[in-house]
Structures are given as C-alpha cells and as structure tokens.
Number of protein chains: 2
Amino acid sequence: MKTTFSISELAREFAVTPRAIRFYEQEGMLSPSRQGQTRIFSTRDRVRLGLIVQGKRVGFSLAEIREMLDLYDIGDGQVTQLKVSRKKFADRIVALERQRIDIDESLAGLRQSIAWMDQKIKQAEETEAREKSMNVVGFGVMPRTGT
Amino acid sequence: MKTTFSISELAREFAVTPRAIRFYEQEGMLSPSRQGQTRIFSTRDRVRLGLIVQGKRVGFSLAEIREMLDLYDIGDGQVTQLKVSRKKFADRIVALERQRIDIDESLAGLRQSIAWMDQKIKQAEETEAREKSMNVVGFGVMPRTGT
DNA sequence: TATGACGCTGACGTAAGGGGAAACGTAAAG
DNA sequence: CTTTACGTTTCCCCTTACGTCAGCGTCATA
C-alpha cells in the first residue's frame, strides 16, 4: 500500500492540475515534504486534498475549507469541530437553495426573452419585403421606471 | 421627462454602484458626455445600462453583453442580430440547466454529510455524557485529550 | 546524445468590480 | 468669508483560484 505520492499522481487521482496542488500548498492547506526540490506527498496530504476537492465540489471557498481543515487539526474531542462544520454546511445549503431560485428566475427570464425574439423574428421575416424599419430593443425588457 | 442623469441617479435606479458604472464606461459599454469632469448620462446610456444589468442578472458575462450591444448598434436590419442573440440566450439556458443539476448534486452531498455529522455528534455527546456521569471533573471543564 | 516526460520557481493575467486615498467643485450654514 | 458636507473625479492596490508562460534542472529512454 502506497504511503507517498508524487504531485502528478495526486493530480490524476483527484482530477486537478499540479498547478492547483502547488497553489493549495502555497495557501498552507497541504504540506508535502521535499526530496531536493520535488514534493513528496504523504497519505495525510492525500486525505486533505480529497477534502479540499470535495469541499470545492459543493461550493466552499478555499478559505472556508482551510478553516475546516484547521479545525480538524485542532480536534478538541471533535464535537466542536463537527458542530462548526455542520453549521457551515447548513449555511451552504441555504446559499445553494437561493442560487437555485436565482437560476430558475434567470431561466424564466431567458425563456420569455426567447419567445419575444421568436415573435419579432417571425414578424420581421414576414414584413421584410414591405417594411424595413423596426424598433428592436434587445432583451425584451424595458428600462425600469422606479426604485 | 428627464433626458439626462447623474451617475448616482442611475446607480440608485439600477441598484449598482457608481464604481460599477464607471467600470462599464471604461469597458466601452457606456459613453456619457462630460460637463467638466462630471459624467452626464443620456437616455441611451440609461437604456444600455438597463440592458447590461438585465444581461448580468441572467448570467451573461460583460463580454457577451458587450457583443450584443455592439450588434445592436450596428443594427443591420435587425434580424441577424436577433438570431445571434437568440442563440446566445438558448446557449445560456443550456448552461443554466446544467448548473442547476450541479447545484442539486451539491445539495444532495451536503445533506448527506450533515446527516453523517449529526450521527457523529450524537454519538460523541452520548459518550461525553457517559464519561461525565462516571467522572465528575467540576466547572464543566473537560481535561484535554491531546493536541 | 538528443529527446521527452516530469518537476521546480517566479511572475504576470484573468473577471468584475470593491475599497480607499486625495483632490476638486458646489451649495448651504454659520 | 469660512467651514462643513456632499458628490464626484482619478488612481491604484486587493480579491479568487488558479492558467499560462518563461526558463531551468533531472531523469529515463531511443
């Protein structure tokens, strides 16, 4: 069973670039030893990289991930760390649910604009022969008048 | 009816910062005239800013928005422009739908992690209570278990 | 020996502004 | 007339999470 890893091994395993791994080290989230210049990663580094990648996948910033990793290192009986992480995760869920709503709203807006455009295109192509002056605005949205 | 606007008027109306508006100008998307140093925005600027903000809301990059604005300026009979924009919008819809799926997957992962943590916390707190009942330390302070 | 695969260290670039400094003009208030 | 308070300007560094060179060393292989 392997206990040390090269940068490209880990890069392949976790589907990140060596550049990203070096960046994580520079940010203090990994601390590989060195053989001359070359980085030698331990299983601990590997686990941490796994956590980093997972954290990124669910949308945490590196700063947040680093906090959690640090907390995990302190490990004061684990409960405090677990509770802090739990809260972060819960917060993230709320943020993502909000994002989902935003996306749905954007989708609705886009679909409406497309419908509007389709109509305009149809009109334009019908009228093309006779008339040429059309007043096309763009997003199908008028500038807001208040607020 | 107003035909000119100050930077902060537009900022208020469209809920963006003056800084952002200056940035859009710097990027060539707005071209207010000047009275001395001070920017004077026309209704055209106002419409364009509205389009920028709308475009941003549905997730277009400034580069994409600028392209569409430029197209609109050229306005070669409009139909071409409409079709190009339509395609951009359709592409954006696809991208957003993909994003939605990603978010749903992240949410699932987060919820699972939370469930796992809750279980761990429960376990840990049960253990803690058991230790406390057997070993009264006083003042609610637990001995340190390690670094 | 030459070539290619890996590795390294800087340094600069990205998107979309945020934040703050320092300076200017204008208007009201003392 | 001066102070105070805004509103605005330009200028420049900061941010995130790396990508992308440039320029170099080290190794194994053809």
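In the text below, chain A, chain B and the rest are named by the order of the sequence lines, each starting its count at 1. Here the structure is a predicted model, which means the values were calculated and not measured.
Not counting sequence neighbours, Arg57(A) has no partner by the salt bridge (Lys or Arg N to Asp or Glu O under 4.0 Å) test. Under the salt bridge (Lys or Arg N to Asp or Glu O under 4.0 Å) criterion, Lys2(B) pairs with Glu9(B), not counting sequence neighbours. Looking at residues two or more places apart in sequence or on another chain, you find no salt bridge (Lys or Arg N to Asp or Glu O under 4.0 Å) involving Lys56(B). Under the rule for a ring pair (Phe, Tyr, Trp, His ring centres under 6.0 Å), Phe41(B) has no partner lying at least two apart in sequence or in another chain. Take Arg86(A) and apply the salt bridge (Lys or Arg N to Asp or Glu O under 4.0 Å) test, not counting sequence neighbours, and it matches Asp118(B).
Going from atom CZ of Phe60(A) over to atom P of dA17(D) covers 13 Å, rounded to whole Å. For Ile7(B) and dC6(D), the CD1 to C1' distance is 15 Å, given to the nearest whole Å.
Each of Gln123(B), Met117(B), Lys122(B) was evaluated against Gln119(B); a single residue qualifies, Gln123(B), per the side chain to side chain contact (heavy atoms under 4.5 Å, CB included) test.
With respect to Asp70(B) and Arg66(B), no salt bridge is recorded, no charged nitrogen being found less than 4.0 Å from a carboxylate O. We find that Lys88(A) and Glu67(A) are joined by a salt bridge, their nearest charged nitrogen and carboxylate oxygen being less than 4.0 Å apart.
Interface residues of residues 21-42 of chain B facing DNA chain D, ordered by number: Arg22(B), Arg34(B), Gln37(B), Thr38(B), Arg39(B); criterion, heavy-atom separation under 4.0 Å. Residues of residues 90-101 of chain A that place a heavy atom closer than 4.0 Å to DNA chain D do not occur.
Across the helix from dT1(C)-dA30(D) to dG30(C)-dC1(D), the helix axis at one end is tilted relative to the axis at the other end by 20° (nearest 10 degrees, each axis from five pairs).
Closest heavy-atom contact between Ile21(A) and Ile7(A): CD1-O, 3.6 Å.
With a heavy-atom cut-off of 4.0 Å to chain A, the contacted part of DNA chain C has its first and last nucleotide at dC6(C) to dA11(C).
Between Arg98(B) and Ile101(B), some side-chain heavy-atom pair lies under the 4.5 Å cut-off.
Rounded to the nearest 0.5 Å, atoms CG (Leu71(A)) and OG1 (Thr80(A)) are 8.0 Å apart. Note that CH2 of Trp116(B) and CD1 of Ile121(B) are 9.5 Å apart. Values are rounded to the nearest 0.5 Å.
Pairs engaging residues 10-24 of chain A under the side-chain hydrogen bond (donor to acceptor under 3.5 Å, both in side chains) rule: Glu13(A)-Arg46(A) [sequence neighbours left out].
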Do any side-chain atoms of residues 27-38 of chain B form donor-acceptor pairs under 3.5 angstrom with protein atoms, and if so which ones, sequence neighbours left out?
{"residue": "Ser33(B)", "atom": "OG", "partner": "Ile40(B)", "partner atom": "O", "Å": "3.4"}
{"residue": "Arg34(B)", "atom": "NH1", "partner": "Gln37(B)", "partner atom": "O", "Å": "3.0"}
{"residue": "Arg34(B)", "atom": "NH2", "partner": "Glu25(B)", "partner atom": "OE2", "Å": "3.0"}

(request) List the protein contact pattern of nucleotides 20-29 of chain D with one symbol per nucleotide (5' to 3'): B for base contact, S for sugar-phosphate-only contact, - for none; contact means a heavy-atom distance under 4.0 Å. (result) B---------

(request) Let me see the working for Ile52(A) and Leu69(A) under side-chain contact (heavy atoms from CB on, under 4.5 Å), right down to the final yes or no. (result) CA-CA 9 Å; Ile52(A) 294 169; Leu69(A) 287 177; 4.0 Å; yes

